[in-house]
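Single-structure report; data block below.
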Number of protein chains: 2
Amino acid sequence: MTDKPSRTERRSEALTKEQIVEAAVDILDTQGEAALTFRTLAARLATGSGAIYWHVSNKDHLLAAAADHVMARALAGVTGDDGGPQGAIRAIALAVFDAFDAHSWVGARLSLAPDQSAMLRFFEAIGSQLQRLGVAAAARFDAWSALVNYILGVAAQNADNARRHHGEADRETLLAAMAARWQQLDPEGYPFLREVAAHLPGHDDREQFLAGIDLILAGITAAVRE
Amino acid sequence: MTDKPSRTERRSEALTKEQIVEAAVDILDTQGEAALTFRTLAARLATGSGAIYWHVSNKDHLLAAAADHVMARALAGVTGDDGGPQGAIRAIALAVFDAFDAHSWVGARLSLAPDQSAMLRFFEAIGSQLQRLGVAAAARFDAWSALVNYILGVAAQNADNARRHHGEADRETLLAAMAARWQQLDPEGYPFLREVAAHLPGHDDREQFLAGIDLILAGITAAVRE
DNA sequence: ACCTGAACACCGTTCAAGT
DNA sequence: ACCTGAACACCGTTCAAGT
């Protein structure tokens, strides 16, 4: 503990799973999913590629642990509930959205049915706000499922989209090009898309994500009032 | 066209992109995503692995084309609209859910911003029902986005979940195990999950997906009535 | 207990050469 | 125009051997 790493480049402390996961998150964030290999990770940690297998059973588990790590950090940053249960749900939803957006590889790696502790805390956080909101016990399971699935599914979708088009001109240029294509569709077959195309440029994905949350909340509270 | 493939095992007709895509879909469905390689695909098509690159630029495009193929087939199977606009939206949503469930690799491969024709038809189908429903033009973009994103995101999530636990005992056993774990959580930290755990076994993912659709629709129509 | 790194059994993709 | 299949530059994972 007190000896400095003097003799060679060999670590004096044993490798830990946390060190491995943090290094993996950093590579994923800065260089993308394709750049994370056991060889680059081992080089970064100054060890052999096989050493990583002592702490992590395989690449899938490594990615799951990395995703849980990011999710935990995101939830830790959610501020106190000033806006009542609905405000709290919005704050949690946005924290997940922003975390998936900043770490575009996370969405594809979080399992819905995990023992990962961050996911359990997320599940509980949404559910407890529904209790505060006064949702009847019989309706709570479906309301909770809709919110949790919407948040994870749509945030993942959004991040995946950003990842796919990364480095392909900027967002506004892509939206403008998409709008132009939609406006050239057959007027018989695609009246709606031709109309909605005009709203594509300049829209805010984050606000639209939140608008969906609000629609679900409106559906939930409409039932509460009856 | 009329000559039978007589002389050798060499194809007499040229390979087409559609043949390649259909073979890929079949391998993905029956053997899983890991089994689809250019080598197995070439062997199945009695050609060399490089020949596929003449018709398809790379593996990502092949998977995108395969996903679009499945999506097109799913939408073609949606029955006429007897239940009004809300019934039509439910029917489309279920068709997507069932297609993703039956082809668990599809969800991860469908891009939200595609030129893929099936996706455009899906987008239009949802939007046109919102027009029929009388949603005001100003609210239509967000309502459409919430539905489309919920459907794609949650269906993909559900399929991914099934894929991940494929072959790991049956669904009910897994749900029972998950419920047992949730019931053993700390009562201080996880009151909601301890309560909701009881609903896990025996619940129907497809019905719960639909309940979420209904909550969004309730939110949309609540706004329409104002 | 923990680490090393060569070896194994694969991949996607390219490309000179064929028809 | 379309196909062949060897070759290239990688992977994840294993495991005998080390400390």
*For the side chain of B/Ser145 and the backbone of B/Phe141, is there at least one donor-acceptor N/O pair under 3.5 Å apart?*
no

_A/Glu124 side chain vs B/Leu193 backbone, donor-acceptor pair below 3.5 Å_ = yes

Rounded at 0.5 Å granularity, tell me how far [atom1] in [X] sits from [atom2] in [Y].
X	Y	atom1	atom2	answer
A/Asp142	A/Asn149	CG	CG	10.5 Å
B/His203	B/Glu172	NE2	CD	9.0 Å
A/Lys17	A/Glu22	NZ	CD	12.5 Å

*State, to 0.1 Å, how close B/Gly153 and A/Gln157 come at their nearest heavy-atom pair, and which atoms those are.*
CA-OE1, 3.8 Å

Using whole Å, report how far [atom1] of [X] lies from [atom2] of [N].
X	N	atom1	atom2	result
A/Tyr53	D/dC11	OH	P	12 Å
B/Trp54	D/dA1	CH2	C1'	6 Å
B/His55	D/dC2	NE2	C1'	7 Å
A/Leu62	D/dT13	CG	P	10 Å
B/Leu63	C/dG12	CG	C1'	12 Å
B/Phe38	C/dC11	CZ	P	12 Å
A/Lys59	D/dT14	NZ	C1'	17 Å
B/Ile52	C/dG12	CD1	P	10 Å

_If you only use heavy atoms from C-beta on, which nucleotide in C/dT13, C/dG5, D/dG12 is closest to the side chain of A/Arg39?_
D/dG12

*Nearest to the side chain of B/Thr37, which nucleotide is it out of C/dC11, D/dC11, C/dT13?*
C/dC11

_Range-with-range stems of DNA chain D (Watson-Crick or G-U pairs under 3.5 Å, three or more in a row)_ = C:4-8 with D:12-16, C:12-16 with D:4-8

*asked:* Angle between ring planes, A/Tyr53 versus A/Phe38, binned at 30° and 60°: parallel, tilted or perpendicular?
replied: parallel

*asked:* Taking any heavy-atom pair under 4.0 Å as a contact, classify A/Leu41: base, sugar-phosphate, or nothing.
replied: nothing

